[in-house]
S.K.: 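Pasting a structure below so you can have a look.
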Amino acid sequence: MVTAADPEETRTSVWLTAARPPAQARRRSEAPSGLDRERITAATVRLLDAEGLGRFSMRRLAADLGVTAMSLYWYVDTKHDLLELALDRALGELALPAAPEPKPESPPEAGSAAGPAAWPGRLRVLACGYRKLLVAHPWVAPLTAAYPNIGPHARAFDAALQRLLDATGLAEARRTGAHLAVSYFLHGCGGAARRLPERDFRLALDVLIAGIAGIGGIGGIGGGGGGGGFAGSAAKTA
């Protein structure tokens, strides 16, 4: 099963090799027609969904695309690069909350998009959406643990989470701790996403949110477990 690069292998994330010309640019005139990195990445996601990470190989992918395995290496340097690309493409399916409009002339009102009463519900929606993604793509969780996960969609998710936590009013050090707690919670439940009942997931999420609110002295945080409140707006994935 592919979960990480070989321990003896030294590799650089595909997202950190922008300065190096990609394979297709190095010898574009010789590259097979009808392929591009976007098409190959989309096919990788489909194959991983259909057959799982353990059965994935460049040969299987090439057969799915109707090309030779070697032709894929005009567009990616390694299988690990391709899995990183597929991981970020899957993360791009997650709907992220929009950044609130800044209003420097007056502080945000409680209950507004940027106010302290809004962040728990928005965090529930984001977390439940992430769980739905893990259920739809079971291979995302092990790849998230195996690779740096620093693609554009991963960074957008991290920025969205940071915006939500900025709205809590916590001091910077506590916001950092809350960010780590939420990240570990979401990634930690990845392996159990299909087995853990959604009601239990939401209850655990409510406990986490209550803890964040507690260290900030934020009162009036209602629970969303069992499908109530903002959590009920996330799609159920029993």
Side-chain angles (χ1 to χ4, degrees), residues 1-96 98 126 129-162 183 186-187 190-191 193-194 237:
M1 178 175 177
V2 178
T3 55
D6 189 298
E8 301 299 324
E9 176 187 354
T10 300
R11 64 178 297 274
T12 302
S13 168
V14 68
W15 303 111
L16 298 178
T17 59
R20 183 180 63 184
Q24 70 270 33
R26 293 198 291 269
R27 290 176 287 180
R28 188 182 301 275
S29 62
E30 303 175 31
S33 61
L35 285 181
D36 56 44
R37 181 176 279 192
E38 182 68 17
R39 183 186 171 198
I40 293 172
T41 303
T44 300
V45 171
R46 290 196 305 270
L47 189 60
L48 288 168
D49 286 344
E51 299 189 358
L53 184 58
R55 298 187 64 191
F56 179 81
S57 70
M58 298 298 268
R59 286 186 180 274
R60 285 181 178 272
L61 176 62
D64 185 69
L65 288 167
V67 300
T68 66
M70 288 305 298
S71 66
L72 300 176
Y73 292 100
W74 294 103
Y75 302 93
V76 291
D77 287 336
T78 69
K79 178 170 64 175
H80 295 294
D81 287 354
L82 185 53
L83 289 174
E84 279 196 85
L85 293 169
L87 171 61
D88 200 67
R89 182 184 178 92
L91 292 174
E93 299 174 12
L94 185 61
L96 301 178
L126 183 65
Y130 188 81
R131 179 182 184 272
K132 181 180 178 182
L133 178 77
L134 295 180
V135 173
H137 305 294
W139 48 273
V140 164
L143 289 189
T144 298
Y147 296 122
N149 201 22
I150 54 174
H153 291 118
R155 287 184 281 110
F157 175 84
D158 197 61
L161 175 57
Q162 187 61 56
S183 296
L186 293 178
H187 297 320
R194 285 178 174 268
T237 53

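Residues take their numbers from the sequence shown, with the count starting at 1.
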S.K.: Which pairs with one or both residues in residues 49-61 pass salt bridge (Lys or Arg N to Asp or Glu O under 4.0 Å), sequence neighbours excluded?
M.R.: Glu51-Arg60
S.K.: What are the two closest heavy atoms between Leu65 and Ala43, and how far apart are they?
M.R.: CD2-CB, 3.6 Å
S.K.: From Leu85 CG over to Ile40 CD1, what is the distance, rounded to the nearest 0.5 angstrom?
M.R.: 9.5 Å
S.K.: For a side chain to side chain contact (heavy atoms under 4.5 Å, CB included) check, start with the C-alpha distance between Leu48 and His137, then their side-chain angles and the critical distance, and finish with the verdict.
M.R.: CA-CA 8 Å; Leu48 288 168; His137 305 294; over 6 Å; no
S.K.: Going by the rule ring-ring contact (aromatic ring centres under 6.0 Å, His included), which residues pair with Tyr130 if we only count those two or more places apart in sequence or in a different chain?
M.R.: Phe157, His187
S.K.: Which atom pair, heavy atoms only, marks the closest approach of Tyr75 to Leu35?
M.R.: OH-O, 3.3 Å
S.K.: With rounding to the nearest 0.5 angstrom, report the CG to CG distance, Leu91 to Leu94.
M.R.: 7.5 Å
S.K.: For Ser13, enumerate each residue passing the side-chain hydrogen bond (donor to acceptor under 3.5 Å, both in side chains) test, keeping only those at least two apart in sequence or located in another chain.
M.R.: Glu84
S.K.: How many angstroms lie between CZ in Arg37 and CZ in Arg89, if you round to the nearest 0.5 Å?
M.R.: 13.0 Å
S.K.: Any chance you could measure Leu47, atom CG, to Asp64, atom CG, to the nearest 0.5 Å?
M.R.: 5.5 Å
S.K.: Quick one: pull up CG in Leu87 and OG1 in Thr144 and give me the separation to the nearest 0.5 Å.
M.R.: 4.5 Å
S.K.: Show your reasoning for whether side chain to side chain contact (heavy atoms under 4.5 Å, CB included) applies to Glu93 and Val140.
M.R.: CA-CA 12 Å; Glu93 299 174 12; Val140 164; over 6 Å; no
S.K.: What residues form a side-chain contact (heavy atoms from CB on, under 4.5 Å) with Asp36, not counting sequence neighbours?
M.R.: Glu38, Arg39
S.K.: Is there a side-chain contact between Asp81 and Thr17 in this structure, where contact means two heavy atoms from C-beta onward sitting under 4.5 Å apart?
M.R.: no
S.K.: Please tabulate, one pair per line, all N/O donor-acceptor pairs under 3.5 Å involving side-chain atoms of residues 148-156, not counting sequence neighbours.
M.R.:
residue : atom : partner : partner atom : Å
His153  : ND1  : Asp88   : O            : 3.1
His153  : ND1  : Asp88   : OD2          : 3.1
Arg155  : NE   : Ile150  : O            : 3.0

S.K.: Step by step, would you call Leu83 with Trp139 a side chain to side chain contact (heavy atoms under 4.5 Å, CB included)?
M.R.: CA-CA 10 Å; Leu83 289 174; Trp139 48 273; over 6 Å; no
S.K.: Once side-chain contact (heavy atoms from CB on, under 4.5 Å) is applied, do any residues pair with Ala62, and if so which ones, sequence neighbours excluded?
M.R.: Val67, Ala69, Leu72
